[in-house]
Amino acid sequence: MIGKLKMQEEKFSIDINEIINAAIEAKNNSLTQAEFHKRIVESGLSKDVITEISKIKKEPEWMLRLRLKSLELFEKLPTPNWLPDFLSELDVSKMEIYIKPDVERASSWDEIPPEIRKYYEQLGIPESEKKFLAGLVATFESEAIYSNVKQELAKKGVIMMPTEEAIQKYPGIIKEYFTRIFPVSEHKFAALHGALWSGGVFVYVPKGTKIATPVEGFFVIGSEMEGQFEHTLIIADEDSYIHFIEGCSAPQFKRFSFHDGMVELYAKRNAYIKFTTVQNWSRNVINFNNKRAWADENATVEWVEGSLGSKYSFTYPSTILRGRNATSTSLVVTLASGEGEWKDSGSKMIHAAPYTKSKVISKNIGFNGGVNVYRGLIKVNKGAVGSKAFVKCDSLMLDEKTKAYTFPHNQVFEEDADVAHEAHTFRMNEDQLFYLMNRGIDEKEAISMLVLGFIDEIMKELPFEYAAMLNKVIKLELDKLGAVA
Amino acid sequence: MIINFSSAQKYIYNFENKIERQKLLSLSEFLPYQIIHDSPTVKHYTDWNEYDKLNLDIYPSSITRKELLLSDYKQIYIQNDSIDGIEVFDEPSNMLIKPEEHKLIALTLALSKKIKIDVKDSQLQKIFIYHTVTEKNYISPINIEINVNEDATLDMIYLTESQVESSLISSVISLNIKRGSQTNFTFISNTPYIYSYIKAKCEGELNSIIFATKSKMAHIEYTTILGKEARSLFNAKAIGAEGNKIDIKVSVQHEGIKSYSEGYLKSIASDKALVVVRGDASINEAALDSSTSIIGRAYILGKEAKAIVAPMLEVKTGKVAMAKHSASVSRVPEDLIFYLQNRGLSRKEAEALLIKSFIEDEKDPQILRNIIEKILTESKIIVSV
């Protein structure tokens, strides 16, 4: 079935396992480019398939060219060495690109893993939301609430629609910015995304428009936000404000276990974008996320990222500070709570203009043998006078089996700049634990208090209900932890 | 090419073990300088092209001048390919360092003579190795093995100094420090081109200072492997002036329980210099209750100067006593200058004072202090007032 076009069912099947295995073999130099190409074609990914997908989606010529160019780059670019070999061990599902999106949903509760169902009960999620989160229904049942949000946005002239729809309606603007902020030539999996992207959301906030309440893309746009290769592009025009929330803190069942999305943000002069991601997917997922922002003069980009779920996750929210006085912050929490779980995160801040400021705060929590990795970069270009950057990355390890790595890079090419970096790896503070337990708080409760205290800086940035949900989720995760020695 | 191949091959014929040296030479040809794409963020910190364009020769040469620098130290003198003051061995291998570890290690082992230092007495031994190159377009390689036995004490200084702009000093040094012993190791590089790889296996106590300056290209890699309850204190520093490129990488691997490491990375980049100081601390699964701290500071002086600090941490067990690092890059802090100006110092004086106190350490041997002082004045980083 692999590699075969099955038009009658309107779907293509691509063997992602095979693609990952081939990429890993290519990394270890045992595959030539021609052999790699052959393997990729055999996995079901070829020029013809891409052309067909583009045709069915009725895409303009330039988009097809971009997809084909990306495919070519995917085959040409070397596999990054940081890609761990163990990725090939996880049996990821075949990617199936359906033309009718409804077909891809899990069809009944029976398909949802019991631990996720248990979670929903323990978290007290309403029945209607449960079905949505589990992917049983396409749109959220309390549609009415969100249609109000939609109306409100429309009234202000905000464009918010699936990226595919935007290509048809606003081809000019999409063509101008699509993969300009994050070029697909950057690395192999960005190129793969370029070739196969589908879904995602496009948001345009007009000049001077301020959206007071956070926009929950997941609920407003629905399943488009939750594709495998979704592409999100947000453009905040001058003097505008938006807080966009992607994902949600409740656990979500993902049927497709390979995820390679991309987020591009562009904050123009004086604009403000806050982009919050809370990802708590089921543990069968490999998650690549390519996130990058541009910040023009006086603009602010804030990344808030909670990487709780999935098995292997690679996400590095980055900002290029291109305009004078631009600011960016990045707050990242990762949780690696199981044997073999690998959470690779970190932020990149490129200071390319004078008086730019950046702050990165990364908090990693690990237990039960999970591995957390921080990989970051602060780069101050020549001419970015008066720039300031601060990085703090802390790892909390709750047991002996757990690992934490910190790989920061601070590159300063300008005399008049201040860059500071701090990292600390520690285990649960036994004194504090003892103190709390002495006051009658049981051990588990005390541990979760300390863990939540550890990520307090990031909790504060989340909307109340998200923080409350995250709180509960972390407590439930900690239940898996054996008694702390 | 870094080396004139026929010159190297011809030179090998002076040795006993020609076949093995030949193999090392071809291994060196085959190995890359660095595997790229090894990080999603950053690529090269050493400009390997600087080495690759040298096209060096090697031929037998003799010692022409010899000066005694430190009278209370046993002196070993290395000039070009000649060694004086100690027995020389014809062995193209090193006890801790494998040729596969790097292209230039294989090259150094293929061409070098070996010296062995064995410290047995509990009485303090003081050894000074002076390494210089006087021939033009020449590679001066050395292979050093140091054994510090139980309860012994060693104070060693390795100084490379050269004025020849087109020649390379390359050294492969291993230190085996046994339990209960103490070693002070000072490495000073003051030469246009240097490649140095130092590996220490430490079960006792190791205090080290690594310093580099005045290099068109310097790549110095210093790895310490710490056994049970071993201690390592280190200070890696660099001063870059003019168009200098300096890359110092210090890595500490904790392998035994309750091992301890503490280090400072300090650098000054002025003029057009690029100064990179990297520190990598890793605490392995078995190294329970270990502790590591690396603090990196860089001062940038001058519009074209570039400084990079990259302190890394790899903690593989949750049972750590402490693991932390910090790094900062800035100009000479304005508030400190202001403080001193308020006390009657001129701006220049205040800057000079702050820079000196930043880069100099109490533990530095006098010879290093003199060199630092000279560099700071010569390159006008501090102006004497």
Side-chain angles (χ1 to χ4, degrees), chain A residues 27 77-83 186-187 314 316 344 346 348 366-367 369 371-380 382 389-428 485, chain B residues 35-43 45 269-270 274-278 280-286 288-289 291-334:
Chain A
K27 180 184 97 175
L77 287 170
T79 310
N81 266 357
W82 46 267
L83 193 76
E186 205 93 334
H187 66 83
F314 304 84
Y316 317 99
D344 214 299
K348 290 190 239 176
F367 54 95
V371 181
N372 279 302
V373 185
Y374 174 86
R375 242 182 261 271
L377 169 70
I378 298 289
K379 188 170 178 193
V380 180
K382 176 113 219 66
F390 176 71
V391 182
K392 182 182 169 75
C393 47
D394 290 343
S395 306
L396 178 64
M397 300 160 102
L398 301 180
D399 60 18
E400 279 179 31
K401 289 187 286 178
T402 304
K403 297 177 172 40
Y405 301 91
T406 318
F407 304 121
H409 290 265
N410 303 316
Q411 307 179 326
V412 183
F413 298 95
E414 171 56 51
E415 175 197 21
D416 183 12
D418 262 321
V419 174
H421 171 98
E422 269 171 35
H424 214 137
T425 301
F426 41 82
R427 54 180 151 168
M428 177 62 66
Chain B
I35 299 167
I36 51 158
H37 299 293
D38 49 0
S39 134
T41 44
V42 189
K43 318 301 177 208
Y45 284 136
S270 73
L274 165 66
V275 183
V276 183
V277 193
R278 298 183 277 167
D280 183 358
S282 91
I283 296 186
N284 291 339
E285 281 91 342
L288 304 178
D289 297 310
S291 164
T292 177
S293 155
I294 298 182
I295 294 171
R297 297 278 177 271
Y299 277 1
I300 296 196
L301 318 166
K303 293 244 170 297
E304 315 264 317
K306 298 168 273 290
I308 291 169
V309 279
M312 309 191 191
L313 265 183
E314 299 177 45
V315 183
K316 295 175 190 163
T317 171
K319 204 158 179 280
V320 287
M322 179 182 69
K324 66 170 186 185
H325 65 213
S326 75
S328 74
V329 182
S330 65
R331 282 205 278 199
V332 181
E334 278 300 324

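Keep in mind the model is a prediction, meaning the values are calculated, not measured. Chain letters run A, B, ... following the sequence lines, proteins first, then strands; residues in each count from 1. What you see below is based on every heavy atom in this structure, not just the backbone, and it leaves out hydrogens, waters and symmetry mates.
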(request) Take atom NZ of B:K324 as the centre, draw a 6.0 Å sphere, and report whether it contains more than 12 heavy atoms from other residues, nucleotides or ligands. (result) no
(request) Mind running side chain to side chain contact (heavy atoms under 4.5 Å, CB included) on A:F407 and B:E314 for me, showing each step along the way? (result) CA-CA 8 Å; A:F407 304 121; B:E314 299 177 45; 3.6 Å; yes
(message) Quick one: does any side-chain atom of A:R427 pair with a main-chain N or O of A:D399 as donor and acceptor, under 3.5 Å?
(response) no
(request) Would you list the pairs meeting ring-ring contact (aromatic ring centres under 6.0 Å, His included) in which at least one residue belongs to residues 308-332 of chain B, sequence neighbours left out? (result) A:H421-B:H325
(request) Give, as side chain, backbone, both or neither, the part of A:D394 having an atom under 4.5 angstrom from any heavy atom of chain B. (result) neither
(request) Taking side chain to side chain contact (heavy atoms under 4.5 Å, CB included) as the test, write out the residues that go with A:E415, two or more places apart. (result) B:I300, B:K303, B:R331
(message) Using heavy-atom distances under 4.5 Å, tell me whether B:L301 contacts chain A through its side chain, its backbone, both, or neither.
(response) backbone
(request) With a 4.5 angstrom heavy-atom cut-off, could you sort out which part of B:A327 is near chain A: side chain, backbone, both or neither? (result) both
Looking at [options], which makes the most heavy-atom pairs under 4.5 Å with chain A?
options	value
B:P333, B:S330, B:A323	B:A323
B:G302, B:A321, B:A310	B:G302
B:R278, B:E285, B:R297, B:M322	B:E285

(request) Report the relative orientation of the aromatic rings in A:H424 and A:F426; use parallel for angles under 30°, tilted for 30 to 60°, perpendicular for over 60°. (result) perpendicular
(request) Under 4.5 Å, counting heavy-atom pairs only, tell me which of A:C393, A:A417, A:G366, A:A389 racks up the most with chain B. (result) A:A417
(request) Select, from A:M397, A:K379, A:E422, the one with the greatest count of heavy-atom pairs under 4.5 Å involving chain B. (result) A:M397
